[in-house]
Amino acid sequence: SGTYAVTAFTADDMAAESIAQVKVGAGDLANVALRFQAPNIFLTGIVSVFSDVLTSGTAVVRAWTDTGNYKEAKVEENGSYELKLVSREAWHLIAEALSKERVYRSAQTEILAEPVSTRVDFALEATNEVLPAPVSKTFNSNVNATIKLSNGVTFSIPAGAVPAPRFTA
């Protein structure tokens, strides 16, 4: 049970016109109707950084709204990206990339809620964030599991949350 935000996207970048907030009781079903709208904000640009961080293919441009809409685009190895959005409110934009141990991030920018085709370039800068070492753990999905990273972040996986008898995280 709880309150859920529901939206939908199609493979051709059609997006639901709005996000529905739905409150559902335990074991109940809810009907949700969403209208689809073609994207009318077309963003392209280059994500740059003064290192080879982009060659790993781990850079993305993220877009979100204050009401919970979210979209992201993978940055190609040449630094280019293309992002298609639906104009219904202002979108916040940021580019991020990961190297083996560091996080790179651009300054945040905002696109107004108007149909537009425009170029938005991002310059990545290294942050002080250091990524924790990878962790691998095999556990029985019928038993609570805890995974702790070297930076103190802990993941708690309740029994039954993973629909397999064994899972490697």
J.: For Glu72, check side chain to side chain donor-acceptor pair (under 3.5 Å) against everything at least two apart and list the hits.
T.: Arg62, Tyr70
J.: Using the side chain to side chain contact (heavy atoms under 4.5 Å, CB included) criterion, which residues pair with Ala107? Sequence neighbours excluded.
T.: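 Checked Ala107 against side chain to side chain contact (heavy atoms under 4.5 Å, CB included); zero matches.
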J.: Measuring from Thr146:OG1 to Lys148:NZ, what's the distance to the nearest 0.5 Å?
T.: 10.0 Å
J.: Do the side chain of Asn40 and the main chain of Val86 share a donor and acceptor less than 3.5 angstrom apart?
T.: no
J.: Output all residues satisfying side chain to side chain contact (heavy atoms under 4.5 Å, CB included) with Pro134, sequence neighbours left out; order by chain, then residue number.
T.: none
J.: Scan the side chains in residues 115-133 for donor-acceptor partners under 3.5 Å anywhere in the protein, sequence neighbours excluded, and list what turns up.
T.:
residue : atom : partner : partner atom : Å
Arg119  : NE   : Asp121  : OD1          : 3.0
Arg119  : NE   : Asp121  : OD2          : 3.0
Arg119  : NH2  : Asp121  : OD1          : 3.3
Arg119  : NH2  : Asp121  : OD2          : 3.4
Asp121  : OD1  : Ile46   : N            : 2.8
Thr127  : OG1  : Val103  : O            : 2.9
Thr127  : OG1  : Glu129  : N            : 3.1
Glu129  : OE2  : Arg105  : NH1          : 2.6
Glu129  : OE2  : Arg105  : NH2          : 3.2

J.: Which heavy atom of Asn144 sits nearest a heavy atom of Ala159, and at what distance?
T.: OD1-N, 2.7 Å
J.: Decide side-chain contact (heavy atoms from CB on, under 4.5 Å) for Leu43 and Leu93; before the verdict, give the C-alpha distance in whole Å, the side-chain angles of both, and the deciding distance to 0.1 Å.
T.: CA-CA 10 Å; Leu43 304 178; Leu93 304 168; 3.7 Å; yes
J.: Name all residues meeting the side chain to side chain contact (heavy atoms under 4.5 Å, CB included) criterion together with Val143; count only those two or more places apart in sequence or in a different chain, and write none if there are none.
T.: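 Testing Val143 for side chain to side chain contact (heavy atoms under 4.5 Å, CB included), a comparison that skips the adjacent residues, returns Asn140.
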J.: List for me each residue that meets side chain to side chain donor-acceptor pair (under 3.5 Å) alongside Asp66, sequence neighbours excluded, and say none if there are none.
T.: His92
J.: Using the side chain to side chain contact (heavy atoms under 4.5 Å, CB included) definition, which of the options Leu83, Leu85, Thr109 pairs with Trp91?
T.: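 Exactly one candidate clears the test, Leu85.
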J.: Name all residues meeting the side chain to side chain donor-acceptor pair (under 3.5 Å) criterion together with Ser80; count only those two or more places apart in sequence or in a different chain, and write none if there are none.
T.: Asn78
J.: Report yes or no: do Val60 and Tyr81 belong to one cluster of Ile/Leu/Val/Met/Phe/Trp/Tyr joined by side chain heavy-atom distances under 4.5 Å?
T.: no
J.: So, for Ala90 and Thr65, which heavy atoms are closest and what is the spacing to 0.1 Å?
T.: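 Taking Ala90 first and Thr65 second, the nearest heavy atoms are O-CG2, 3.5 Å.
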J.: Does Ala145 have any side chain to side chain contact (heavy atoms under 4.5 Å, CB included) partners at least two apart in sequence or in another chain, and if so, which?
T.: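 Listed in chain order: Phe139, Ile157.
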